[in-house]
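Okay, so here's the structure we're looking at.
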There are 2 protein chains.
Amino acid sequence: MYLVPMDDPARRLTRSDAESLAARFKLLADPGRVQIVYALLESGELRVGDIARIVGASESATSHQLRQLRMAGLVNANRTGREVHYRIADIHVRLLLDVAVEHYLHDHGDHR
Amino acid sequence: MYLVPMDDPARRLTRSDAESLAARFKLLADPGRVQIVYALLESGELRVGDIARIVGASESATSHQLRQLRMAGLVNANRTGREVHYRIADIHVRLLLDVAVEHYLHDHGDHR
DNA sequence: TGCACATATGAGCAGATGTTCATGTATCTT
DNA sequence: AAGATACATGAACATCTGCTCATATGTGCA
């Protein structure tokens with residue numbers, strides 16, 4: 001029993017759903033941000049300076065990247081003294097990244 | 001017994017691994033491409049014209065998008081007469097997209 | 001209060017991305 | 001062969017991204 005008529009077994013994505021999904025994927029569509037997210041998932045919590053060092057980017061560039069992740073609700077920031085600690089806020093990104101790592105990194109040889 | 005020294009339990013992503021992952025995510029970082037991939041997963045196989053209609057884009061724009069997906073090995077093309085049929089070539093993208101749809105579309109309310 | 005440290009932010013800029021428009025290629029029909 | 005159909009491709013262009021550099025904000029310390 002559903003309210004919206006479906007015209008077939010093959011459901012379609014509305015434009016707006018596709019935009020939501022693309023926006024999520026876009027957050028992980030940059031090597032720097034992937035490294036940031038991965039590092040946070042592994043470490044639990046990191047300071048901006050540490051993240052910059054891990055990623056190998058300037059602190060300014062890192063801060064800009066973190067802002068995007070923050071504004072998208074993927075991470076959250078937490079000030080302690082003059083340091084700001086970041087952690088993952090979106091619990092789903094772990095699975096998403098795990099699936100990608102598992103399939104596109106480990107298992108070289110049957111990508112398709 | 002391992003050959004490469006690891007400095008902690010928190011493994012790090014090399015730059016090049018992060019680039020591979022980001023490149024994969026980038027393919028899904030556009031609403032049109034998400035719709036294309038989704039439609040192909042649902043339908044199994046589609047002609048370029050149908051894809052263009054589903055996505056609501058011109059055939060030219062659609063063809064350009066398909067080329068990207070093709071060159072990345074995510075889809076493959078198959079000519080039958082004057083039509084070209086596309087299908088998913090990367091078996092892993094289904095899981096990746098399913099996870100995203102499940103978490104970011106259905107389950108509105110505990111994204112983070 | 002003055003200064004150093006940690007991070008954030010805005011402007012400006014170079015490179016990437018996605019579209020359109022014109023044209024090219026392959027196939028079918030007559 | 002000529003024209004129509006289906007798709008691909010290249011160039012041009014507007015927009016978006018991510019970086020740097022300069023500057024601002026917040027915090028601790030002398």
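Chain A is the first sequence line, chain B the second, and so forth, proteins listed ahead of strands; every chain is numbered from 1. Only heavy atoms go into these numbers, but all of them, side chains included; no hydrogens, no water, no symmetry mates.
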Whether over 12 other heavy atoms sit under 6.0 Å from B:Arg94 CZ: no

With a 4.0 Å cut-off (strictly under) to non-hydrogen atoms of chain A, the first and last hit nts on DNA chain C, 5' to 3', are C:dA4 to C:dG10

Check whether any side-chain N or O of A:Arg24 sits under 3.5 Å from a backbone N or O of A:Val93 as a donor-acceptor pair, and report yes or no. no

Side-chain donor-acceptor pair present, A:Arg12, B:Gln35, cut-off under 3.5 Å: no

Kindly say whether B:Glu45 contributes a backbone atom to a donor-acceptor pair with the side chain of B:Arg87 at under 3.5 angstrom? no

When you measure from every atom of DNA chain D, which of residues 78-87 of chain B have a heavy atom less than 4.0 Å away? B:Arg82, B:Glu83, B:Val84, B:Tyr86

Taking for each residue the nucleotide of DNA chain C bearing the nearest heavy atom, is the 5' side occupied by B:Asp30 or by A:Arg47? A:Arg47

Hey, does the side chain of B:Thr80 reach the backbone of B:Glu83 with a donor-acceptor pair shorter than 3.5 angstrom? no

Interface residues of residues 57-69 of chain A with DNA chain D (non-hydrogen, below 4.0 angstrom): A:Ser58, A:Ser60, A:Ala61, A:His64, A:Gln65, A:Gln68

Out of curiosity, A:Thr14 OG1 to B:Leu105 CG, how far, rounded to the nearest 0.5 Å? 7.0 Å

Under-4.0 Å side-chain N/O to phosphate OP1/OP2 contact, A:Lys26 with D:dC16: no

Tell me if a side-chain donor or acceptor on B:Glu59 pairs with a main-chain N or O of B:Val48 at a distance below 3.5 Å. no

Sub-3.5 Å donor-acceptor pair from the side chain of B:Arg79 to the main-chain atoms of B:Gly81, do we have one? yes

Roughly how far, to the nearest 0.5 Å, is the CG atom of B:Leu46 from the CG atom of B:Leu40? 5.0 Å

When the ring planes of A:His103 and B:His92 are compared, do they come out parallel, tilted or perpendicular, using 30° and 60° as the limits? parallel

Whole angstrom value for the distance that separates P of D:dC16 from CZ of A:Phe25: 22 Å

